[in-house]
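Beneath this line is the structure, given in C-alpha cells, with notes to follow.
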Amino acid sequence: MKLDKVVFALNGRRYEVAGGEVDPSTTLLEFIRTRTPFTGTKLGCGEGGCGACVVLIAKYNPTKDEVTEFSASSCLTLLYNINFYSIITTEGLGNTQDGLHAIQKRMSGFHASQCGFCTPGMCMSIFTSLANADKSKKPEPPNGFSKLTVSEAERAFSGNLCRCTGYRPIVDACKSFASDVDLEDLGLNIFWKKSDKHADVSKLPTYTLGGGVCTFPDFLKSEIKSSLDQLNDSFTFSGEGWYHPKSIEQYYDLLNSGIFSDCCVKVVVGNTGSGVYKDQDLYNKYIDIGGIPELSAILRKDNGIEIGAATPISMAIKILEQGNESISAPKGSLVYRKLAEHMSKVATPFVRNTASLGGNIILAQKYPFASDIATILLGAASTVRLQVASQTLEVTLEEFLEQPPLDPSTLLLSIFIPHWTPDSQTETSVVFETYRAAPRPLGNAVSYINSAFLGLVSLNESSGDPVLSNLHLAFGAYGTEHAVRAKKVEEHLTGKLVTPSVVLEAVHLLRETIVPMEGTSHPEYRVSVAVGFLFSFLSSFSEGIKGPGKTLNFSSASSVDTDDLCNLPLSSRRETVSGDEYKPVGEPIKKYGVELQASGEAVYVDDIPAPNNCLYGEFIYSTKPLAHVKSIKFKPSLASEKILTVISAKDIPSGGQNIGSSYLFGDEILFGDPIAEYAGQALGVVVAETQRYANLARKQVIIEYDTKDLKPPILTVEQAVQNNSYFSVPPERYPKQVGDFSKGMAEADHKILSTEVKLASQYYFYMETQTALAIPDEDNTMVVYSSSQYPELAQSVIAKCLGIPFNNVRAITRRVGGGFGGKATKSFNVATAAALCAYKLRRPVRMYLNRSTDMVMVGGRHPVKAYYSVGFKSDGKVTALHLEVLINAGISPDASPIIPDTIISGLKKYNWGALSFDIKVCKTNNPSKSVMRAPGDTQGSFIAEAIIEHVASVLSLDANTIRQKNFHTYDSLVLFYPESAGEASAYTLHFIFDRLLSTSSYLHRAKSVKQFNSCNKWRKQGISCVPLIFKVEPRPAPGRVSVLNDGSIVVEVGGIEIGQGLWTKVQQTTAFALGQLWPDGCECLLDRVRVLQADTLNLIQGGVTAGSTTSESSCAAILQACNMLIHRLKPVMDKLKQQAGAVSWDSLISQASTDNVNLSSSSYWVPGQESNRYLNYGACISEVEIDVLTGAITILRGDIIYDCGKSMNPAVDLGQIEGSFVQGIGFFIYEEHETNADGLVVSDSTWDYKIPSVDTIPKHFNVEVLNTGYHKDRVLSSKASGEPAVVLASSVHCAVREAIRAAREEFGSSPLVFQLDVPAPMTVVKELCGLDIVEKHLENQSAHQFAAGA
C-alpha cells in the first residue's frame, strides 16, 4: 500500500508531512531547522562527528507497550525514516519561559557553556544517558540523583565535541547527577561556594528520576495502535521516491519492477554511511530495508548468536553483553564481552544507535573502509548469511569480504558469531583479545590499525607450557582493501611453544602479510603497531619474553583479560579567589544568557528565520595552486538541475572592487579571476533553493585549468626563499634585538648551531562554520548578519565590493559560535559573497559553509620553520641566541606582519643574554593564514622550550634546572620587554613557578616518573614544567549605556560575544559602576542589564574582538559611560535624599526622566600610556604516559597557576584558561593539518582532523587563578585570560619528549637528542620510540635463550 504521509512528534507536537512534500534525501536536522520553530539543534559537521545535531529519538512498541529512547545524529537521519517516532530536542526539555530542565540549569550553573553552539547537543546526549540509566535495573539512587554512575557520566557525551570549555565543567555538570558522586569533588559552580561546609544535593536544581520529560506523547501511541494493520501491510512508499519493503520478497519485487532502471537509488537503514562516504549527488529513490523483520531478528543458538544485519550497533553490543551474562562459565563468554567492549569504542554513541551492524560490514566490503567491527568479527570466526535473488547462502566473513563489491541484488541478512567456551575436560582455554590504535581511545576516530586474536590454549604435556591452536589472527585498517587473516602466522604458531625465536619468526611472517596499499599514510607505523599487537598478545603465553602482556596461569580453563589506561577516572581541583571590592565584578556569576544557550533559544546567524524568497550559496573553489581558470562547468546530474545561477567576479557591480577581505597590511580578492592563485581560493558561488542543494551542486563542478606561461607555484617557505617571495614588515612592527650576539657566543662554553624546529598549522574548528545572511533593503542598502569578530571591517569590505557608501551597509553580529581568531578577517569573504549574491539577485541570500569547504578555504595558524644557534655556559646559563624564522603567510598579508613581533615576544620569556634574529614572512600560493588564539606567542614560546630542552640534553641536566637558570630578573625583564614590563611588584613569575612546584609535588612526581620508567619497558612517562610570559595590548573600544524609564538598562559595546564571557563582564561592570551611587552598591541592577548585539550603524568604531583584551576594553568604555551617567544622576540623587531619605533605583530614574536628564551616555575608551601594554604570567606542569608499542599518549595530569590580576569573573576566566589550554593540547599533540602536493587541505572533516575530546584531556586537571590584587593601570585591576594558556600546553609536548627520551634510552638504539616537531601525534611518538623495537627485543631474548640452552 502507499504511505501517503509521515507522522511524528517533535517536542510533544504532532507533525505530518505528506508523501512527496519534501525531497526523500531531506534529513531530520534540515526539517527541524527549516520547517519548525526549533533551532537549538545545530549543524556542526554534517557527518555525525561532532554531536551538535544530537536529538533524542523515542520508539514505541505497542505489543509490549514499551518506549525505547536513544540519541541520534539528526544530520544523518533521514526524515522519512522516523515515521511514528517521537523526537526531543533541547527545547523539549525546557525553556526560559516555561521553566528549564535540571540539565540545562546545571550546565549553566557549572559554567559548562561558553560560545554555546555545542550545548544543546551536549544536553541531549546527557539527557538520553540519564533516561536510559534510570530505566535500568540498578538500585534506586538517593533522592535528587539518577542511576547513572560517575564512570558512565564521564562517557555520557563522549562523542560530542566542544572547542571552548576543555570539557571539565561539562563533566562536572554530568557527574552531578551520578548516584555515586562525591559532590565536594565537583568544580566551581553557582550552587554552593567552596567555603560552604557541605555540598548538598538539595542545593542543585531538582532532578526527577527518569528525566521528568514525556518522551513519547499519548496521541502518537494511540495513532500507532490504530494504524497497526496498515503498518504491517504490504510494502509502502512515501510519495515520490521512498520505498519501505516489509519482507525480503517485497524487496526483490521492488528491484525487479523496473522503477529504478534510470534513476539514482540508495538502499538505507540508518544512513550513517553518508557521514563517511558523502553523497556526491542527489538520490531520487530510496529503499529503506530497516522494516524487513528478518534483518532485525536475533537468534540465540547453542553454538552462537545470529544478529540481523539491520540491528543497530548499540543493540548488538547489548545482545553480546546479555549473551556473555547468560553463559555459565566463571567469566561468561570472553569473546562476546570483548566484542561488546571493542564495539563501544566504534564511532560515537549517537551514531552507534542508528548505524546498523550489517551496514558497517557492507561499507568494509564495498570500500577500503577502516572498520573495527569487520576486523573483530573476522577474528571471532564469524559467518554471514546472504540473500542472492531466491538463494540463501552462508559464507565465512572472510569469504564475504573478498567478494566483488556488493550491489543491491545481494542482501546481507545476518551475522553469526560462534560461542567459544573453555573445555574443562581437555583443560583447553579460550583466548580472545582485540586491539585498536586510534587518535582517540573511546571512539569517534578511525583506527590506524586494528586486530583481533582468537585461539585455544592447552598445556604442553611434557613442559606444562601453553600451546596455541585453532588460531584466528585478524588485522584491518592498515591500508588494506579489507580486513585479513594472517594465515601464515597462524600456521607457524599452531602447536608450538611460545618462545622468543618462535615469536620473532611470527613477526617476520606478519610483516610479509601486513603490506599497506600505496598512498596509505604512515605505512611503517601501521606495520610496526601490528607487530606490537601480536607481540602483546603472544607475550602473555611465555614468561621468557618479557612483553607487555600479562603472564597467565593456565592451570584451569579461564579467560584472558586486560585493562587500559583510558578508564582512569577524571578529577580536578579549581582554586579561585572572588573579589568584593567592585561587587558584583569579581564574583563568579554565571555567564550572561547561558540558559538561552542550553535551551536552544540563543539565536546564532543560521538560526535567524529565512526571509521570504531566500536563496542559499556555496563557494566553488580552486583545487589548483596557480592556474588560469579557462571554464567552470557542471556535470549532468540531479544536483546540477538544482542550480539557479553562479555568481562570480563578472557580477561585481560597476564601481565595486573584487575584494573579499582586508586588514592593516593589504586586501585579499574575493574571487580568483582570471587566475586561481591557490588551492582553496573562491572562484564563484553556486546559488540554489536550499543549502543542501547548493552544497551538492558545488560537487558537480568541472573546472578547466591552464598553467601555460605561469611559473610553478610557491607552496613552501623554502620555495619562497628561493624566489625571494616575502611580505614586508613595517619597521615599527619588527621586534627589537637585545644585546651583542657575537659577544654572547664568545662567552659560551658550549654551542648548538643551526638546529631546526618546525610547527605546522592548526585549523580553528569553531563549532559554527563561517556563515552570513544578506538581505537587500530599500534605497540600495544591505543588511548583513555575519558571524564575525570584526563587523566594522566587514561593513567596509562589503561596501567596497558593492561600490556603495559604508552607511549603505549594516553589519550585525549578535553572538558567534566560536571564533579563536578565525571569525575576524576570515569571516569577510562569506559575508561579502553573500552580500554580492543578494545585491545581484535582489533576494536574500544565506551562506553557511559546509565543514569541508570551511576547512579547505579558511587557512589557520601560521606554520613556522626556525633554525636556532645558541651558546651557553656549562651550568646551563644561555649567553646568546640567534634565530632564523620562516613564516608561511599564504597568498595575502592578512595579519601576518604582526606575527614576527609576537613570536619574539613569546620567545623572550627567558633571558637569552643576547638575542638576534632574522624573520621572513613568506608569500606562498596557499590560503592566507591569520590570527589564531595566541598567534605567534604559541610558536615563539614553543621554540624557546625546544632550545631549553636541547641545552639540557647536551649538558645531561634536568630541563627544569635550565629553565630556572634562565628566568628573568626584573632588570633583564625590562631589557627584553621595555614597554610592558611594568613595576617590579607585578613580576610574579618566580612566585608562581615556586608555588606550582610546591603545590603540585613536582619533585616527588619527577622521582616517581623515573621510578616508573625504570620498572616499565613498554610504557614510559614524562613530566615537564613550562613558564609563561605573555604580552598584552589593550585596544580602544566604544561603549554606550542607556537607562529606560522603567529603570531597565541597555548596554552596547563594540566587542563581540564569542563565548569568552565579554557580555558577562560588561553586565557586571555596568551594575558595579551605576551602583556606586549607593555606599554598598546596588546588586539588584545586575538582572536589569541587557547587552545588545553589535550593529555597525548603531555603534561605530567597534574594532576587532581579539587579543584577549576586548572584554577589559569594553568594560573600561562602559565604566566611562556609566561615570558620565552618575555625574548626571548625582544631583537628582542628592535632591531625592533630602526629600525622602533612602532612594531606590526606580525612583531615581523616574525623577531623572521627569527632570529631562539625558539617560544615555556614550564613550570611546583609549588606553593610556601606562595601560596600553602589560605582561601576563603563569606556569604549568604536565605529566604524560606513552605506550611505546602504539605511541598512544595519555595525559595523566595538568597543573596550572595563572595570574589574572583581580579577576572580573573567576568562573569566566577559569573557563577561558582551561579551554585555551586544551585547545593548545590539540595544536601541540593531536591536530594534523595536512595538504596534498598542490597545497589543497585534505584533513577536511571530523574523520581526518581530531581536536581534543573528553577522553584525551588530562585525567587530573588542577587550575589555580591567582589573585594578585590592585593595579592602578589595569581595568578594575584585571588581566587577560582568553589566549595565554594556549602557550602552556607546550608543557604536554615537552613531557611527551621526556617520555620518548626514556623509551630511546631503554632500547638504546637512538640518540637521546632528537627533533620533535609540532604536532606530535601518536604516529610520530611511535616512530621516535622506534619502529623495530619489538624485533630487536625478540632478537635479544632469542640470543639469551640460545646462550642459556648452550
Side-chain angles (χ1 to χ4, degrees), residues 738-739 744 747-750 752 868 870-881 905-915 940-977 981 984-1010 1022-1030 1175-1183 1197-1203 1264 1266 1268 1284-1285 1287-1295 1297-1298 1301:
V738 180
E747 294 171 0
D749 299 328
H750 307 270
I752 299 169
Y868 59 84
V870 61
F872 48 97
K873 297 285 193 180
S874 295
D875 64 355
K877 180 70 188 80
V878 176
T879 57
L881 172 65
S905 177
L907 181 92
K908 283 181 175 178
K909 66 180 181 177
Y910 292 114
N911 179 1
W912 303 107
L915 174 62
S941 182
F942 172 78
I943 293 167
E945 297 305 333
I947 296 167
I948 290 289
E949 298 216 330
H950 196 166
V951 170
S953 293
V954 169
L955 297 175
S956 299
L957 292 173
D958 174 54
N960 235 27
T961 305
I962 307 299
R963 287 187 174 95
Q964 290 175 293
K965 178 72 70 174
N966 291 285
F967 272 8
H968 284 291
T969 62
Y970 176 67
D971 289 339
S972 69
L973 186 77
V974 172
L975 185 64
F976 277 70
Y977 297 97
S985 59
Y987 181 36
T988 56
L989 183 59
H990 288 271
F991 168 76
I992 287 172
F993 206 78
D994 291 343
R995 179 175 174 79
L996 182 62
L997 294 181
S998 170
T999 57
S1000 68
S1001 308
Y1002 172 77
L1003 292 176
H1004 171 72
R1005 287 165 57 199
K1007 191 175 178 182
S1008 298
V1009 165
K1010 284 185 179 176
I1023 187 168
S1024 182
C1025 188
V1026 164
L1028 163 74
I1029 297 180
F1030 191 95
L1175 298 177
N1176 270 56
Y1177 305 104
C1180 175
I1181 294 175
S1182 291
E1183 186 177 346
R1197 181 168 166 178
D1199 296 83
I1200 294 175
I1201 296 181
Y1202 184 86
D1203 178 359
E1264 180 180 353
L1266 204 63
T1268 51
V1287 173
L1288 291 176
S1290 62
S1291 60
V1292 177
H1293 191 279
C1294 294
R1297 187 199 301 267
E1298 292 297 315
R1301 183 178 286 111

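The structure displayed is predicted, hence computed values, not measured ones. FYI, side chains are in, hydrogens and waters are out, and symmetry mates aren't considered; it's all heavy atoms of this structure. One is the number of the first residue; the rest follow in order along the sequence.
With sequence neighbours excluded, the residues that form a ring-ring contact (aromatic ring centres under 6.0 Å, His included) with F942 are F1228, H1293. With sequence neighbours excluded, no residue forms a salt bridge (charged side-chain N to carboxylate O under 4.0 Å, His left out) with D958. For Y977, the ring-ring contact (aromatic ring centres under 6.0 Å, His included) criterion is met by no residue, not counting sequence neighbours. For R1197, the side chain to side chain donor-acceptor pair (under 3.5 Å) criterion is met by D1199, not counting sequence neighbours. Applying the side-chain contact (heavy atoms from CB on, under 4.5 Å) test to V1009 and every residue at least two apart in sequence or in another chain returns N1013, Q1021, I1023, E1183. Applying the side chain to side chain donor-acceptor pair (under 3.5 Å) test to S874 and every residue at least two apart in sequence or in another chain returns D749, H750. Contacts of Y970 classified as ring-ring contact (aromatic ring centres under 6.0 Å, His included), with partners at least two apart in sequence or in another chain: none. With sequence neighbours left out, the side chain to side chain donor-acceptor pair (under 3.5 Å) criterion links T969 to S972. F1030 meets the ring-ring contact (aromatic ring centres under 6.0 Å, His included) test with no other residue; sequence neighbours excluded. Checked against side chain to side chain donor-acceptor pair (under 3.5 Å), S953 has the following partners two or more places apart in sequence or in another chain: R1301.
Between the side chain of H968 and the backbone N or O of L975, no donor-acceptor pair lies under 3.5 Å. A distance-only check finds no donor-acceptor pair linking the side chain of S1291 to the backbone of C1025 [under 3.5 Å]. Side-chain N or O atoms of W912 include none that pairs as donor or acceptor with a backbone N or O of V738 at under 3.5 Å. When atom types are taken as modelled, the side chain of K873 and the backbone of A748 share no donor-acceptor pair closer than 3.5 angstrom. Side-chain N or O atoms of N966 include one that pairs as donor or acceptor with a backbone N or O of G876 at under 3.5 Å. Distance alone, capped at 3.5 Å, places no donor-acceptor pair between the S1024 side chain and the C1294 backbone.
Atoms CD1 and CG, on I1181 and L996 in that order, are 4.0 Å from each other to the nearest 0.5 Å. The structure places CG of L973 at 5.5 Å from CG of L1175, a figure rounded to the nearest 0.5 Å. Y1177 OH to I1029 CD1: the interatomic distance, rounded to the nearest 0.5 Å, is 5.5 Å. In this structure, the separation between CZ on F967 and OH on Y910 is 6.0 Å, given to the nearest 0.5 Å. Separation of atoms CD1 (I1201) and CG (L997) is listed at 9.0 Å; rounding is to 0.5 Å. Interatomic distance, Y987 OH to I992 CD1, rounded to the nearest 0.5 Å: 10.0 Å.
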Worked verdict on Y868 versus H950 for side chain to side chain donor-acceptor pair (under 3.5 Å):
CA-CA 11 Å; Y868 59 84; H950 196 166; 2.7 Å; yes
Decide side chain to side chain contact (heavy atoms under 4.5 Å, CB included) for L881 and L907; before the verdict, give the C-alpha distance in whole Å, the side-chain angles of both, and the deciding distance to 0.1 Å.
CA-CA 10 Å; L881 172 65; L907 181 92; 4.0 Å; yes
Y1202 and L1028: CA distance, side-chain angles, deciding distance, side chain to side chain contact (heavy atoms under 4.5 Å, CB included) verdict
CA-CA 9 Å; Y1202 184 86; L1028 163 74; 3.8 Å; yes
Test side chain to side chain contact (heavy atoms under 4.5 Å, CB included) on F991 and L1266 and set out the steps.
CA-CA 11 Å; F991 168 76; L1266 204 63; 3.8 Å; yes
Start with the C-alpha distance between F872 and I752, add both sets of side-chain angles, then the distance that settles side chain to side chain contact (heavy atoms under 4.5 Å, CB included), and finish with yes or no.
CA-CA 9 Å; F872 48 97; I752 299 169; 3.7 Å; yes
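Closest heavy-atom contact between A952 and I962: CB-CG1, 3.7 Å.
Residue pairs meeting the salt bridge (Lys or Arg N to Asp or Glu O under 4.0 Å) criterion with at least one member in residues 942-951, sequence neighbours excluded, are K909-E945, E945-R963, E949-R963, E949-R1297. Residue pairs satisfying the salt bridge (Lys or Arg N to Asp or Glu O under 4.0 Å) criterion with at least one member in residues 987-1003, sequence neighbours excluded, are listed as follows: R995-E1264.
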